[in-house]
Structure formats: structure tokens, C-alpha cells
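Since the structure comes first, as C-alpha cells, the remarks are kept for the end.
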Number of protein chains: 2
Amino acid sequence: MVREPSKRPRAAEASKAAILAAARQRFAADGYDRATIRAIAADASIDPAMVIRYFGSKEKLFAQAADFDLRLPDLTAVPRARVGAAFVEHFLERWEADDTFMALIRAAVTNDAAAKRVRGVLATQVAPMIERVSGDESHTSLRAALVASQLLGFALCRYALRLGPAVTMSRDEVVGWLAPTVQRYVTAPLPVTRRAR
Amino acid sequence: MVREPSKRPRAAEASKAAILAAARQRFAADGYDRATIRAIAADASIDPAMVIRYFGSKEKLFAQAADFDLRLPDLTAVPRARVGAAFVEHFLERWEADDTFMALIRAAVTNDAAAKRVRGVLATQVAPMIERVSGDESHTSLRAALVASQLLGFALCRYALRLGPAVTMSRDEVVGWLAPTVQRYVTAPLPVTRRAR
DNA sequence: GTCTATAATTCGATAGAC
DNA sequence: GTCTATCGAATTATAGAC
């Protein structure tokens, strides 16, 4: 497919891709600790030694496997009253089509490096979009954290804890319940409480 | 303190209690896999072999350490319009005073037995209370799952992911933002959506 | 009851033959 | 580029001395 100056790119690239795909599934299913290099290699039909050779270490492999793009669409294009629903719909589709994000969440619960990465994803991908649609410049990170608490919390219940109702709810039901919550976190003025402490 | 027929109860009971306390902290801080029996024993100033002797295995130790009582108060006693706030307030206090629940959540993300236990806690302690105050008998488990998605999601962000704003928010701010959400999940009629599928 | 010594696994990572 | 063999470290769990 890709050009090759004179040396042969070999099947190495295909192997790396297979390893990454297997790693995402394993990390998503088992978390960082229980996902072993041996198991990942077996899934990819590749020798465990090759995994280390290509990626250097388990941590570096995870870093590449968990390099995640939320692919948030431009929410300034949707009516302001529908941004909550748009958020929920996009997240549902995104993490049902790609194991990477759940792998990241699962790992982040017990791994500091993974947690830092999740914070980075929220700060660089979610928060800027919220700032643009909220019309409130001064509490963006707070609103982003609240949105994350609900969306990640639902993902936790649906995919990790496998709570019956959270698993069986239809897409429309999920949106119907969660959208008003997210809508409020993004657009509502601060509630009346004693600020700080 | 307790009666002893003729044999001596020894310091064994004190040792078991110390082990359980250390286990809860370690499981909460590190998750099931990374929390080693050696570390737990060291925290409790007890030999690692004793841990196995008293509890049989790491899994059985976790089962006892994660035996958690939410201690939900009787929410039928508070005004119906304040049940959301009461829920949030109680959870905040409860999991800030006791590491056990976070240990359970952390472990549940990668351990099926722990996940089953979380489902049990929700089904036996949270759901019945929701049924009593919601006035809707037919969707109790759904409402419980929604409440869990928000409360556990916030705990995830505050204690595991350590998102800046979620960590620094004051108790009143947390209640101010989350209470309306929980209130709606507990008491609101079903949203208008296509049911099932 | 308590602890030392160690068995039995399993893991990540390396060295080197082909 | 790929794989076999293996090292070294860490883990749970057991056997037995004191």
C-alpha cells in the first residue's frame, strides 16, 4: 500500500497493527494489570517477544493503545437546547464502536498514568467544546467534570459493572434520561450554594 | 470484652480486625490486583502467612473486607422534594468516612466477583429505598441504576480519576449540582421516548 | 499462635539462534 | 524479522519449626 524507498516495510506494520488491536481489546476487557503481554500476543497470533521488540515495554504499548480521539463533532452547529442530547448520543456511539475508551477508563481506575491520560482527553477534547457552547467562560473545567461524572458513570454501570437496567436500556431511553442532566451541566447557571469550602 | 468459655480468644480477633482494616485501605487505594497480601500484612504489622491462615485466600479476604453496609437512612422521613439532596449528602459522607465502598468500586471494574457484589448492594440497599420514596413500583431497578450512574460516576471522577474540579468542589457545591439530577431519576415520570429497542 | 522457609506460578523483559 | 529459551522478580499459598 505505502511506498517503500528501497528497504522492505515487510509485514511488520501489519503485525504492529494486529498487536495494537488485540491490546485495546484486552486492556478494555481485563484492565491494565490483568491484560498480559502473553495474552495480547496470543490474540494477535504473534510471539510475545515481538510485542516488547516493537513497543519497548508494556507501559509504552498501553500508551499507544490508549491514544484516543473522541472525535467530538462541532456542537455549535446544533441548537443550544439539544447540546445535552448531542453529547450523550455521540458518546454512546463512540464507545460502542471502539473499545479504546473503556480500556482507558478501566486502566485509569488503578493506574496513575492512565488516569492522567483521561484527564488529558477531557481537558483537550471535551472542555474546549463545552466552553464554546456553554456561553460561560469561567467554569468550563467544572462543567466538563460534571459532564464526565455522568457520562463515565453511566459507562461504568453499563460496561463494567453490568447493572441490568443500564445494560438493557435502549439508546433512546439512555438519551431521554441523561440528556437533560448533561444539558444542565453544560448550560445552567451556577446553583445557589455557598461557593468554596 | 467477650466471654470465653475456657479457651482463650487471644489476640487473634484483634489481628483479624487489623488485617481487615488494612485490607480495606489497600484494596481502596490500589485495586484488587495491585493490593498484595504482603503489603496488607505489613500495614497491619502481621505476618503474611497469618492473613492466609485467618481468611483462607486473597479472594475470601476481599469478600469479607468488601462486605459493605451503605447505612441508608429512612428517606421517607424527609420531604419528597429533598430526597435527591438527601441521597447525595449521605453518599458523600459515607464514602468519605469509609474506604470500603471505593475499594469495592475499584475492584469491581476488573473483577467479576466484586462487580456482582456491587450489584447486590444496589439491589438490596438502594433499590428498596427508591421504591419507597419514588411512588413508582414498576421501574425501581431502572431508577436505581440511573442514580448509581451519577453517584458512582462522581465518585469515580473525584477519588479515582482525580479530576481537578471534582476533587476541589465543596460538599455544598456537589449537592447543588447533583441533587437535582438524582431527584429527577428518583421521582420523575418516564421521559417520552420509544420504549425498548 | 506465630513465623521462617520455600514451593509453585506467572509475569515482564532479554539474549541469541535461525 | 521471527522465535526459542530463559532470566529475575514478584506473587499466592503451603509445610513445618518454635
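Chain A is the first sequence line, chain B the second, and so forth, proteins listed ahead of strands; every chain is numbered from 1.
The base of dG12(C) is paired with the side chain of Arg38(A) by a donor and an acceptor separated by under 3.5 Å.
In this structure, Leu61(A) atom CG and dC11(C) atom P are separated by 15 Å, rounded to whole Å. One atom, NZ of Lys58(A), and another, P of dC11(C), lie 9 Å apart when rounded to the nearest Å. The CZ-C1' distance, from Arg53(B) to dG16(D), rounds to 11 Å in whole Å. Atom-to-atom, CD of Glu13(B) to C1' of dG1(C) comes out at 13 Å; the value is rounded to the nearest Å. One atom, CD1 of Ile37(A), and another, P of dA10(D), lie 17 Å apart when rounded to the nearest Å. Remark: P of dG1(D) and CD1 of Ile46(A) are 12 Å apart, rounded to the nearest angstrom. Counting to the nearest Å, the C1' atom of dT2(C) and the CD1 atom of Ile19(B) are 12 Å from each other. Rounded to whole Å, the distance from CZ on Arg34(B) to P on dA9(D) is 19 Å.
Cation-pi check for Lys58(B) over Tyr32(B) is met; the charged atom lies under 6.0 angstrom from the ring centroid and within 45 degrees of its normal.
OP1 or OP2 of dG1(D) has not a single side-chain nitrogen or oxygen of Tyr54(A) nearer than 4.0 Å.
For Ile52(A), the listed nucleotide lying nearest its side chain is dT14(C); candidates were dA13(D), dG1(D), dT14(C). Nearest to the side-chain atoms of Asp47(B) among the listed nucleotides dA13(D), dA13(C), dC3(C) stands dC3(C). The side chain of Thr36(A) lies closest to dC11(C) when the candidates are dA15(C), dT2(D), dC11(C). Among dT2(D), dA13(D), dA13(C), the nucleotide with an atom closest to any side-chain atom of Ser15(A) is dT2(D). Distances from the side chain of Met50(A) to the nucleotides dC3(C), dC3(D), dT14(D) place dC3(D) closest.
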Subject >> Val83(B) and Gln183(B): CA distance, side-chain angles, deciding distance, side chain to side chain contact (heavy atoms under 4.5 Å, CB included) verdict >> reply: CA-CA 6 Å; Val83(B) 295; Gln183(B) 179 77 27; 3.4 Å; yes
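For CG of Asp74(B), the number of neighbouring non-hydrogen atoms (other residues, nucleotides, ligands) closer than 6.0 Å is greater than 12.
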Distance-only donor-acceptor pairs under 3.5 Å for side chains of residues 34-44 of chain A, two or more places apart:
from	atom 1	to	atom 2	distance (Å)
Arg34(A)	NH1	Asp33(B)	OD1	2.6
Arg34(A)	NH1	Asp33(B)	OD2	2.9
Thr36(A)	OG1	Ala39(A)	N	3.1
Asp43(A)	OD1	Arg26(A)	NH2	3.4
Asp43(A)	OD2	Arg26(A)	NE	2.7

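Not counting sequence neighbours, the partners of Asp136(A) by the salt bridge (charged side-chain N to carboxylate O under 4.0 Å, His left out) test are Arg143(A).
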